[in-house]
Protein chains: 2
Amino acid sequence: MAEPMYRQIAEDLRGKIEVGEIVQGAQLPTEIELMDQYDASRNTVRDAIKLLTTRGLVEARAGQGTFVVEKVNPFVTILTGEPDAGVETDIYIAEVKAGGREPHNSTPRVEIQTANAVVADSLRIDEGDQVVSRHQERFIDRTPWSLQTSFYPMSLVDKGATRLIQATDIAGGAVAYLAGKGMKQVGYRDSISVRAPDDHEQAFFKLPSDGRVPVFEIFRVGFLDDGSRFRLTITVCPSDRNRFLIKVGEVPATVAPHDATVATPDSQG
Amino acid sequence: MAEPMYRQIAEDLRGKIEVGEIVQGAQLPTEIELMDQYDASRNTVRDAIKLLTTRGLVEARAGQGTFVVEKVNPFVTILTGEPDAGVETDIYIAEVKAGGREPHNSTPRVEIQTANAVVADSLRIDEGDQVVSRHQERFIDRTPWSLQTSFYPMSLVDKGATRLIQATDIAGGAVAYLAGKGMKQVGYRDSISVRAPDDHEQAFFKLPSDGRVPVFEIFRVGFLDDGSRFRLTITVCPSDRNRFLIKVGEVPATVAPHDATVATPDSQG
DNA sequence: AACGATTTGTTCGTATGTATC
DNA sequence: TGATACATACGAACAAATCGT
């Protein structure tokens with residue numbers, strides 16, 4: 001009797017799912033049926049289901065029923081590449097298409113902003129300095145896959161990178177464009193963490209409204225050959241359908257798993 | 001009336017927390033007080049709090065109250081280093097201690113196992129082949145920080161790496177030890193994903209029992225100069241107190257933030 | 001050590017709203 | 001349109017944990 005009833009019910013159902021007694025995508029018994037099976041009230045049954053929902057095992061759909069969630073093919077992103085990322089966009093398109101998936105980026109939303117504390121610290125500029133913000137929504141197979149925002153110091157525009165402040169895709173990627181303007185990225189540093197999504201992210205990624213699926217947040221800071229920082233790219237994507245690869249040293253090329261798709265966070269237009 | 005009441009209450013409380021009207025560690029009004037404030041029933045107030053709990057913003061303690069969770073200093077791990085990782089252990093110890101934190105690894109639990117599908121696929125051996133499994137619990141400041149399991153093909157032992165099957169720390173790390181036996185790691189590949197913790201992980205990391213905090217799972221496969229795979233290291237750590245850094249190309253050395261601690265997943269004894 | 005007050009945890013019942021088929 | 005199934009919201013009672021007296 002140590003365990004509350006709703007936990008016992010949840011445990012029992014979880015067991016049936018793991019054993020395969022209830023297969024992926026299949027419907028659970030309705031709340032009414034579960035009331036009978038476990039001799040519990042509807043609220044108690046619902047508490048048990050809520051626990052499974054929080055753990056990401058099942059998904060309730062109003063008017064239909066509760067279903068065992070189906071795992072999606074993870075989207076694989078390679079974080080290590082050539083610092084001079086001119087080819088990264090090509091890799092992105094090639095490999096995504098090779099996986100039979102269709103990539104699509106929204107038209108960038110370009111804004112001139114003043115740097116907040118995070119941006120200023122990342123770019124080693126002063127808080128309040130002007131920066132260009134370029135924001136894009138990225139899709140695969142019409143599924144929302146990542147939200148990306150890049151920040152560039154306004155001084156880059158003064159140095160001739162005028163296309164940064166145009167609300168159009170930069171063919172080949174902004175990093176390659178800047179390289180052509182004499183600002184060649186010689187290195188970058190990524191910082192990966194996980195946090196709860198905000199309302200906008202929850203809506204865009206169509207994440208369950210209970211906020212149970214966290215998102216990856218990747219900060220990429222790019223460096224020029226004088227050691228200065230010329231860009232900060234923040235990529236946000238759901239943690240339940242993404243995986244990241246890091247290759248160091250000599251790593252033989254491997255055949256990508258048939259179901260995997262590969263992209264890079266640098267395909268910023 | 002679009003938003004249900006319990007969400008409105010949750011949103012309002014979340015705002016007060018973000019603005020700082022309720023500071024970290026402070027107690028929220030009791031359920032009774034919230035009932036009065038929002039003119040709602042206790043169950044509705046509890047639903048709102050449950051939402052905040054799921055998002056990791058607050059924590060309810062029976063008999064005491066509900067409190068705003070306090071964020072811990074994230075533990076920073078650098079995933080890119082020298083492939084020949086002999087020095088990584090030194091970096092680990094130096095930087096962790098520089099951060100004023102005390103690292104501690106458990107004595108390794110060494111087992112001879114037959115490779116399961118995942119291990120076999122990662123090491124490119126057959127399922128059922130014998131492998132050495134070395135498992136360690138890693139702590140910082142007596143706080144559980146990561147669970148690490150390394151798998152080596154049994155053939156390495158035949159080639160002279162006999163210390164792999166001894167249940168003692170390998171000074172300088174197993175990778176350096178193997179390099180001394182002629183098996184020098186020339187590269188590795190990490191794969192980072194996030195998933196719900198299992199029961200053991202939940203208990204070890206003292207994660208909230210509702211399974212709301214996911215864990216990072218990092219697979220590191222090491223390669224020798226002939227392109228073969230000689231080890232698989234799986235590192236699991238809570239996603240709420242860890243961050244990962246990846247450096248590519250020329251990245252100037254930066255002063256680590258005062259509150260950050262740096263380690264590497266390769267400090268396998 | 002015992003007790004009461006406070007606070008959250010669990011479980012029931014009931015009614016009504018909303019989404020889907 | 002009706003039936004079904006989940007979502008929200010109310011009220012009530014008792015259990016369990018915590019803290020101070």
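Order of the sequence lines sets the chain letters (A, B, ...), proteins ahead of strands, with each chain counted from 1.
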Using atom CD1 of Ile32(B) as one end and atom C1' of dT6(C) as the other, report the distance to the nearest whole Å.
-> 9 Å
Quickly work out the Asp47(A) CG to dT10(C) C1' distance and round it to whole Å.
-> 8 Å
Is any side-chain N or O of Thr44(A) closer than 4.0 Å to OP1 or OP2 of dT10(C)?
-> no
Between atom CZ in Arg7(B) and atom P in dA7(D), what is the gap in whole Å?
-> 10 Å
Any idea which of dT8(D), dA7(D), dT8(C) is nearest the Arg46(B) side chain?
-> dT8(C)
Is the phosphate of dT8(C), meaning OP1 or OP2, less than 4.0 Å from a side-chain N or O of Thr66(B)?
-> yes
Sequence neighbours left out, what pairs pass salt bridge (charged side-chain N to carboxylate O under 4.0 Å, His left out) with at least one residue falling in residues 65-75 of chain B?
-> none
Which whole-number value in Å describes the distance from Tyr38(B) OH to dA9(D) P?
-> 14 Å
Could you walk me through whether Phe219(A) and Phe151(A) pass ring-ring contact (aromatic ring centres under 6.0 Å, His included), step by step?
-> CA-CA 11 Å; Phe219(A) 284 67; Phe151(A) 298 91; 9.1 Å; no
Send over the distance from Leu52(A) CG to dC6(D) C1', rounded to a whole Å.
-> 15 Å
From OH of Tyr6(A) across to P of dG9(C) the rounded distance in Å is 8 Å
When you measure from the centre of the six-membered ring of Phe75(B), is the NZ or CZ of Arg243(B) under 6.0 Å away and within 45° of the axis?
-> no
Whole-Å distance between dA9(D) P and Lys50(B) NZ?
-> 14 Å
Quick one: sort the Phe204(B) and Phe139(B) rings into parallel, tilted or perpendicular, breaks at 30° and 60°.
-> perpendicular
Residues Tyr38(A) and Asp12(A): side-chain donor-acceptor under 3.5 angstrom | yes
Over all atoms of both residues, closest heavy-atom pair of Pro238(A) and Val215(A) = CA-CG1, 4.1 Å
Side chain of Glu31(A) only, please: which of dT11(C), dA7(D), dT8(C) is the nearest?
-> dA7(D)
Rounded to whole angstroms, how far apart are CG on Leu34(A) and P on dT11(C)?
-> 15 Å
Scan nucleotides 11-21 of chain D nucleotide by nucleotide, 5' to 3', and note B when protein non-hydrogen atoms come under 4.0 Å of the base, S if they reach only the sugar-phosphate, - if neither.
-> BBB---BBS--
Phe244(B)/Ile218(B) under side-chain contact (heavy atoms from CB on, under 4.5 Å): CA gap, chis, key distance, verdict = CA-CA 11 Å; Phe244(B) 296 96; Ile218(B) 302 176; 3.3 Å; yes
